[in-house]
Amino acid sequence: MEHAFTNPEFLWRTPQPRASYDVVIVGGGLHGLSTAYYLAKNHGIRNVAVVERGWLGNGNAVRNTTVIRSNYLRAESMPLYDFGLRLWEGWEAELDYDLMFDQRGVLALTHTKVEANGVKRTVAANRLTGIDAEWLEPDDIKAFCPIVNVSPDIRYPVMGASLQRRGGIARHDAVVFALARAASALGVDLLQGCEVTGFEMAGNRVTGVLTSRGRIGAGRVGLVGAGRSPLLAGLAGFSLPIQSYPLQALVSDIVDPVLDCVVMSGTLHVYVSQAQKGELVMGAGRDTYHSYAQRGSFQILEHQIQAALELYPIMRRAHLLRTWAGIVDVTPDASPILGRSPVDALYINCGWGTGGFKASPVSGYVFAHALVHEVPHELATSFSLERFETGTLVDEHGAAGVAH
Amino acid sequence: MADGSPLAAHLGALISKASFDDARLTPGARVDLLSVRARRSAVQRVATALGQESLPPPNACRATILGDCFWLRPDEWLFATVPGGAEAAMKTVEPHLLDDGAVIDVSGSRIILELTGPRTRDVLSSCCPLDLDPSVFEPGRCAQSIIGKVSVLLHLVDATPRWHLFVPPSYVDYVVRWLADGIEGARAEQENALATTPHSSPVRMLP
Amino acid sequence: MLLITCPWCGAREETEFRHGGEGVRVPPDGDDPGWTRLLYYRENPAGPYAERWVHVHGCRQWFHVVRDTTTHQILSTRRLDGQEGAA
Amino acid sequence: MRRLPAGGDIDRSRPLRFRYDGRALTGFTGDTLASALLGAGVDVIGTSVSLGRPRGIISAGLEESSGFAQVARAGATEPLVRMSTLPLYAGLEAEGGSRIVKGYLRDGPDDGRFDKRFAHCDLLVVGAGPAGLAAALLASRAGARVMLVEADVVAGGALLRDADTVDGQPAAAWVSNASATLHNSGTLVLTSATAAVALDQNGMIVAQRIGANRAVSEAGGLPEQRLWHVRARAIILATGALERPIVFQDNDRPGIMLTGAARAYLRRFALAPDRGLVFTATDDGYRAALDWHAAGVVVPGIVDPRAASTGDLPARARAAGLRLFAESVVEGTSADGSGRLCTARVRGPRGVVEVECDVLAVSGGFEPTLGLHQQLRGATRYDARLGAAVPATPLPGQWIAGAANGCMTTRDALADGARAAREALRSCGIDVPGTACPTPESPALLEGAHEVIWRVVAPDGDESRSFVDLHRDTTVSGLVRAVGAGIGHIEHVKRYTLVGTGVEQGRSAKTNAGAITASLTGRPVADVGTSGSRPPTEPLTFRILSGRAQGPMYEPVRTTALHESHAALGAIFEPAAQWMRASRYPRAGETLRETVHRESLAVRGAVGIVDVSTLGKIDVRGPDATWFLDRLYANDVGRVAVGKARYSALCHLDGSLLDDGVVIRIAEQRYFVTTSTGHAATVVEWMEEWLQTEWPERRVWVTPVTERFSTIAIAGPTARALVARLAPAMEVGNAEFPFLAVRHGTVAGVEGAQVARVSFSGELAYEVSVPWALGPIIWRAALTQGEDLGVTPYGLDTLQALRIEKGYIIVGQDTEALSTPYDAGLGWMISAKKDFVGRRTLDRRASQRDGRQQLVGIAAADRETCLVEGCALVRAPGESPQSIEGHITSGCWSATLGRHVGLALVAGGRRRHGETLYATLGDSGAQVTVVDPVHYDAVGARRDG
Ligand SMILES: Cc1cc2nc3c(=O)[nH]c(=O)nc-3n(C[C@H](O)[C@H](O)[C@H](O)COP(=O)(O)OP(=O)(O)OC[C@H]3O[C@@H](n4cnc5c(N)ncnc54)[C@H](O)[C@@H]3O)c2cc1C
Ligand SMILES: NC(=O)c1ccc[n+]([C@@H]2O[C@H](COP(=O)([O-])OP(=O)(O)OC[C@H]3O[C@@H](n4cnc5c(N)ncnc54)[C@H](O)[C@@H]3O)[C@@H](O)[C@H]2O)c1
Ligand SMILES: Cc1cc2nc3c(=O)[nH]c(=O)nc-3n(C[C@H](O)[C@H](O)[C@H](O)COP(=O)(O)O)c2cc1C
Ligand SMILES: [Zn+2]
């Protein structure tokens, strides 16, 4: 028999919108909920609403493949993501919820010399920053994850891998539930079916949001709209250096455990883990075209499964059970945008692209800080929108490009 | 690639093993290849010089005095001329281009594979996304598309059907493997009388 | 998976094409912020979107496509010179 | 159930032996695994996922939510195969038990062939029930190219279980005639073929189990499964309707099935219960009772929640003397010791009765199968009469017909199929003459009072055994709990309870889940809706998705014309982009380092030859060629003299390096440009993009000629002597043929060879390009004629070592995504006088900031220290955490210098020559010195010599 999920008896209140709030968070995904939670918890600001156009989590929160890790490359990013990972390590206790957070290890396979060098470079950078990381040779990989085909005879033989043992997965839906419950309990109003359609402005200052459920006044507004950030920015009269693409994922039917870590492969564009329930959860590179349709193209699935079967022949007879896509907001340097916007009292938190699930805790933590103090949290100073003017990009393509 | 055949020995063995009467793969004739680039002003001059009314339109091939001429793009045509004929052919075309075009010897940058037989549509449609139905892909038609994951130029020479595939030499191994494997599949279908396209013969339905 | 009508070659599978987005434009002279926009900012509408594709595995021509990003419906394809395709 | 002595579509003369859970059983040709099991008396097929309840088969088709098995195939084993549509074949081996809910994977050989096919048609009809058949018949008569795909093993749809007649023929006969007609007119009819994924622009992915009904050993080379990529000008979805179960207490017991299944098992497989009770909310359900009755089965009654129906079927039931429990429901069941159904508790206006039965056929009504429509977000609306969603408007280019469109009788389905075909064909410009539509005779099915019922509230209030989703063990209690937690949206309910997330994706559970949630939250059913559908409509094996693109057919492996020559010399190959390149030519007993050592010294001391045919080559010509290359390349191309070459680089608009290469000016307006191996296609595309989109008026023609030429570099101090022998007619002296000059002539008898004095090794070098296929001639000639000169073939490993010694970069290895030419030490090449792509960004302050990661050389402190690529460079050894100054991009054993040398990117590195840093992968650090990138022959005397 299967391990049954334990969801609590009570999750959240369903209040009516108030006339105004100290802070209105636009977007009830993980980052929006996390922001609201930390506003209340860390800063005592409880007169907060999260306005969500659909149901909580209906964006990328429920669509991501749940890879959690902090092995990024840049000096600017590593502390941010690793602080996030440390928050994860305490989150189940803090939120009193079984998130199925499981630090089973994340392997990043390499298939070319250049890729191997890049990954080694990340390993070195991680270790020097105090982030756990190891370099594994093919034999070590085989020992750690026996189903990987490390034969030198395949098209792109495995040349080695990095391993972050503290990396892992969690149950995405549970995280939505847990954050919503915690925020709601702290007094945050979660307003679903409440689409922001415009902003109320006094000069260059935002004073409220116009929604499908009426006007809601706001002392400050945080835009946390992930795949729809460019549209939200458009409503507020500015634009973002963001392109929106579909990113697909798939699950297999439920099978006995074959894989107890996360394995990613940048060159072959596929990564896979096995969720606690038993389904294989697989992802690939994003689609090439712009879209808001939450679906992608079939050849992406075909290619990723070809790659998967080269690497994990045991998966041949698993079934593709369900596929879906989320819309990811991709920045030019694969790093997020966090902080002030061109509009006063309006703050933005977006651009996490294909990799923001892992940042759910830290994104809310630092963004709540920015909303309260009007300056970025020290972990987030490098991620302002101005960096594109100054040319001080935080290029994470190597560490975040294909993988998650 | 041994000096004689354009196919490496292992590929020769692969295709002769796979081929059967209804789908046969062989190395095609050797040719010299010319890429003729011509802006609109030069196209007519070139055509006239070759005794043609015009150069072939998109997706078409025409026989000319310089051999088969294939449309490649709005300002490019590929001529497949006799081996060693490139130089002379260039001399024929070049004067008419003036500054509005160029002719480039691209001999050897593609190899011709020939695929013949009534089952070849099955073989091709197992790796090529084009609509090859006789009602839309008639003899004399050509198209650039993909086999597996690589670019090819496909030409239907006659209604046998006889196909010519123009494949860059470095990709020949890969393309031949796809075709040979497709032929094996077609043979199994033939032997098991499985209907797979409306035009494959004979037909019997499997439950 | 899209089926895209190349103005030259006709309707072909998406796998024969490469997406070019809005494309780059040769810069007009301008100040620094203008340059930043040119480098990093592109249109990204929900709805009809004017984009460019190139038929990499076919005629290698770039062309214009208007596609609705909320439905993936292709509203038109045109040659770069603005003419409708013959195909 | 038991097998009746006669009847059914099975061939009793051909028994088939198979194994289930280790038991040897027998069925008949024509059986499915499900019918064979039922026929063999196996009603308890396994246990449920989290509650461990005994389970049986509930359907005879796509509705199945319980009967799945682990099936052995082709030496492999496939999890969770649906029993109700798996044709039985001799030797089939299946496992049930806990395997009906959770399968397993096994490594090992797998001989099944999985194929792919592209197909095109005017009209694709999905579903071969009456609607689909009518549509296909009409279209094929009109001369259209038609494809008809049917998920079941045979065409016919609902007609297979219905006793209707069509055009005066029994339904089954009409179906086979129709199929034959279609065949003969060239329609491609695919059975066991599920339309699984709807693509944009009228595409459809169809998965076909060709060899589903046979063991792989009998497949004769046929594919086991095939994936069809279909493009159609018009699509008709005639996917029918699915029967919906009703939720009540203990509704999951083996023996409880849908009424359509009860009839299908009877008609198609001659399987009948001893006592069959019916619980139906529509007239249609009465057919099961009537059919059973006609077959001699004891029917203890028909339970109908409605007031006595006046419809045709109920009247017939009454006439047959069947007992009707009107205004009654089944509120619970009990089971025998093995878990099998034995009685049902029927509650009516006059109280409760226990009714003995071994099968209970249930029908909550029918709902359109709209998964394909919903995948592309096709709109639906709630139909209160059906209690389910029906299509609102079809998607462009698509039509929905038959039961899928809410036309629930055979007559309506046939007519609707013909209507859809007419409209679809008209959209393709094919006009259909007014052909008559097949006419059926079938009873009225949806007469009588209409009352949609989803759930019978448990009398004792315990709904933890009232199953909404059998596969995932979701119960009404689970829904109650979810709603109590404060959630109301059906997508939250799904994620809280897991309803609908199983292998059948809740196909027959979703509507009930939505409706019950609605009743629990006091909202209209229409407002709650159902959770969304996603591709595929049916689980697809991973292998069918990968098809034949595995092993050597997975990704192209490109080989040069010299591949066999290298192999003959014992080369070891390595992938480089798509190519296979020789990395080295080890002699017996040599270690890697020894080989590289030997090959390097040969190049530095005598002469080496290397195959560089993979470098991209581009012919650029036309009156504006110089203007064009000047716009793209960083240096002044216009200043390169005819017959000369220049090393150059391309930038992106943001100033970052795209590639480097050599620009050779062949004639005034004709160039031969090389690119790095990995960027060959990118650079051609880059040039085309700029030309076509920005400068269409410019007369420049760009032609990729990589595979026109094989190129061999001949490098080393005795290279000149070797080239002189190979090309006796060529002046090779330094004066006549200096560095960066290019000549054309005959080499080793090959006319028209191009010889360029460019060098990637830092030695005196000649790159000889000849027609692709003639490469081996030059290679062989160089080896034989250079023997006394010490000619040595060398591979990528040595090439790397040599270029690192010289500080030559590889873009992408020694640069980062945002590295500029300045960062890479190539600032010298940037022309001060002209604009080019990237220039504006390079002129910005940020691009020239101090402290950027800049290319430096690094030298190991001692002979033993190895410079591992990727190592971080830090100020102090073995300290963590500390800030990172840079990293090693390239490192090698330098045979020439007798120690390890490397290249690195270091913050502000250009001003840090002489500084000591430590190279580390995060623990101990090896001491290195920052030096100039050029480790060897800084003045270039050897190269120029
Ligand atoms: C297929 C896929 C796989 C992924 N895998 C991983 C992974 O393995 N690891 C990882 O770290 N990251 C992964 N990601 C990325 C990760 O999911 C996202 O970065 C992250 O979820 C974004 O934050 P969010 O949860 O707040 O976004 P969302 O959940 O998308 O939240 C944004 C919310 O804003 C709401 N909204 C938008 N516009 C409005 C409006 N006008 N009014 C009101 N509300 C509005 C939306 O409805 C939505 O609920 C993946 C993403 C996808 C799509
Ligand atoms: N009594 C009722 O309420 C009721 C309800 C529904 C249907 N019916 C009967 O059903 C018939 C309706 O005719 P119809 O043709 O619309 O439906 P149908 O159910 O007869 O045929 C639909 C066919 O589509 C196939 N199919 C479904 N999904 C598919 C997919 N993704 N790919 C390939 N095939 C797929 C099914 O296997 C089935 O054979 C009538 O005969 C009618 O009497 C009766
Ligand atoms: C980690 C993970 C595991 C999932 N496992 C399953 C599963 O076992 N069964 C299932 O039907 N869907 C599964 N899903 C997919 C969801 O059902 C759903 O498709 C996804 O949340 C996107 O929502 P949408 O399909 O409604 O757009 C999973 C999703 C994720 C992110
Ligand atoms: Zn084209």
Side-chain angles (χ1 to χ4, degrees), chain B residues 1-3 6 8-9 33 35 37 39 75-76 99-102 104-111 122 124-133 135-136 148-150 168-175 177-178 181-182 184-185 187-189 191-192 194-199 203-207, chain D residues 87 113 115-120 145-147 153-154 179 183 186-189 191-192 210-213 219-223 226 229 231 548-549 552-553 555-561 563-564 578-579 613-614 619 621-623 670 699 701 703-709 771-774 776-777:
Chain B
M1 205 167 311
D3 305 42
L33 295 172
S35 159
R37 304 295 299 271
R39 292 166 78 88
D75 68 346
E76 181 174 11
D99 265 351
D100 291 323
I104 301 121
D105 184 351
V106 291
S107 302
S109 62
R110 304 181 200 225
I111 282 174
D122 291 356
L124 287 170
S125 58
S126 76
C127 51
C128 172
L130 290 174
D131 185 354
L132 301 173
D133 189 87
S135 65
V136 293
K149 289 174 188 159
V150 310
S170 69
Y171 285 115
V172 163
D173 185 287
Y174 174 81
V175 171
R177 281 177 196 276
W178 270 96
D181 192 70
E184 268 178 34
R187 183 163 57 184
E189 279 159 27
E191 283 163 6
N192 291 276
L194 175 69
T196 52
T197 64
H199 303 279
V203 281
R204 178 169 72 79
M205 246 211 306
L206 277 187
Chain D
R113 180 182 169 92
D115 195 16
K116 172 165 164 175
R117 187 66 51 102
F118 293 93
H120 305 259
R145 289 168 69 192
V146 186
M147 262 181 92
V153 239
V154 284
S179 304
H183 255 296
T187 294
L188 184 55
V189 182
T191 52
S192 293
I210 292 177
N213 56 347
L222 282 183
R226 172 174 286 155
H229 281 233
R231 285 289 176 188
R548 289 142 62 216
M553 289 154 70
E555 284 272 305
V557 176
R558 302 175 73 181
T559 50
T560 72
H563 192 80
E564 289 170 37
Q578 284 187 320
W579 296 92
S613 307
T614 61
D619 182 308
R621 59 174 84 179
R670 190 173 149 200
R699 287 171 303 172
W701 296 285
T703 312
V705 289
T706 301
E707 294 181 56
R708 164 114 176 83
F709 301 107
W772 184 263
L774 304 182
I777 296 178

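Everything quoted here is computed from the prediction, not taken from an experiment. Values reported hereafter were calculated over all heavy atoms of this structure, with side chains retained and with hydrogens, waters and symmetry mates removed.
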Would you call [X]-[Y] a salt bridge at under 4.0 Å N-O?
X: B:Asp173; Y: B:Arg177; result: yes
X: D:Asp619; Y: B:Arg37; result: no
X: D:Arg548; Y: B:Glu184; result: no

Is [X] in contact with chain D via its backbone, its side chain, both, or neither, using a 4.5 Å heavy-atom distance?
X: B:Val150; answer: side chain
X: B:Leu124; answer: neither
X: B:Asp100; answer: both
X: B:Val175; answer: neither

With no hydrogens and no angle check, do the side chains of D:Gln578 and B:Tyr171 hold a donor and an acceptor under 3.5 Å apart? yes

[options]: which one forms the most heavy-atom pairs within less than 4.5 Å of chain D?
options: B:Glu76, B:Arg110, B:Lys149; value: B:Lys149
options: B:Asp105, B:Leu33, B:Asp75; value: B:Asp105
options: B:Pro129, B:Gly108, B:Ser109, B:Ala102; value: B:Pro129
options: B:Cys128, B:Ser35, B:Gly185; value: B:Cys128

Using non-hydrogen atoms and a 4.5 Å limit, figure out which bit of [X] sits close to chain B: side chain, backbone, both or neither.
X: D:Ala119; answer: neither
X: D:Val557; answer: backbone
X: D:Pro771; answer: neither

Selection from D:Met147, D:Glu555, D:His229 maximising heavy-atom pairs under 4.5 Å formed with chain B: D:Glu555

Taking the side chain as every heavy atom from C-beta outward, state whether D:Phe709 and D:Glu707 have any pair of such atoms under 4.5 Å apart. no

Could you give me the CA-CA distance, side-chain angles and deciding distance for B:Asp133 and D:Arg145, then say whether salt bridge (Lys or Arg N to Asp or Glu O under 4.0 Å) is met? CA-CA 10 Å; B:Asp133 189 87; D:Arg145 289 168 69 192; 3.7 Å; yes

So, the side chain of D:Arg708 versus the backbone of B:Ser107: is there a donor-acceptor pair under 3.5 Å, distance only? yes

Would D:Arg113 and B:Asp181 satisfy salt bridge (Lys or Arg N to Asp or Glu O under 4.0 Å), going step by step from the backbone distance to the final call? CA-CA 11 Å; D:Arg113 180 182 169 92; B:Asp181 192 70; 3.3 Å; yes

